[in-house]
Amino acid sequence: MQKNGTGTMENKLDTLKDSVRNLVDAGGERAGQIKTKAIDAKDSLFENGDAAIKKVAGLVKEHPIVALGIAVGIGYVAVRFFRK
């Protein structure tokens with residue numbers, strides 16, 4: 001026979017420990033899922049970014065004067081924006 005309800009307290013502590021373990025395990029699984037999604041997004045970004053860079057490079061080779069004008073215009077706007 002338990003004195004002063006210590007058996008009940010031990011049961012509550014065991015239940016609390018199990019709940020915390022389950023919560024930590026669920027958090028670990030969720031973190032793994034988020035990591036996988038982040039890696040997939042990074043890979044997709046690099047693939048799409050590479051294709052976009054190649055397309056822009058092709059357009060610059062076809063129209064170098066226009067590309068130079070656009071670059072100067074963007075640079076001018078950026079300087080005006082950051083000086084204020």
Side-chain angles (χ1 to χ4, degrees):
M1 188 169 191
Q2 303 288 330
K3 258 187 162 178
N4 297 330
T6 56
T8 304
M9 183 61 86
E10 289 175 1
N11 288 339
K12 288 181 181 179
L13 285 175
D14 288 340
T15 303
L16 181 61
K17 287 178 186 178
D18 290 339
S19 296
V20 170
R21 280 190 195 112
N22 290 337
L23 184 61
V24 169
D25 290 342
E29 289 176 16
R30 183 69 178 142
Q33 292 171 352
I34 291 171
K35 179 182 175 183
T36 301
K37 286 182 181 181
I39 290 171
D40 291 343
K42 176 199 61 111
D43 291 343
S44 175
L45 180 66
F46 276 113
E47 290 173 8
N48 293 336
D50 189 41
I53 288 172
K54 287 179 182 177
K55 185 175 181 179
V56 169
L59 289 172
V60 169
K61 285 181 182 178
E62 290 177 21
H63 309 285
I65 302 299
V66 174
L68 183 62
I70 291 171
V72 168
I74 291 173
Y76 177 76
V77 169
V79 166
R80 298 288 294 180
F81 180 73
F82 288 118
R83 278 199 179 166
K84 289 186 178 185

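Start at 1 with the first residue, then count along the sequence. Just so we're clear, the structure is a prediction, and the values are computed from it rather than from any experiment.
- K37 meets the salt bridge (Lys or Arg N to Asp or Glu O under 4.0 Å) test with no other residue; sequence neighbours excluded.
- Partner of K12 under the side chain to side chain contact (heavy atoms under 4.5 Å, CB included) criterion, chosen from T15, T8, L16: T8.
- Of the inter-residue distances, the one linking S19 atom OG with D14 atom CG reads 10.5 Å to the nearest 0.5 angstrom.
- A salt bridge is defined here as a Lys NZ or Arg NE, NH1 or NH2 lying under 4.0 Å from an Asp or Glu carboxylate O, and K54 with D50 meets this definition.
- Residues V66 and I74 share a hydrophobic cluster, clusters being chains of Ile/Leu/Val/Met/Phe/Trp/Tyr side chains in contact below 4.5 Å.
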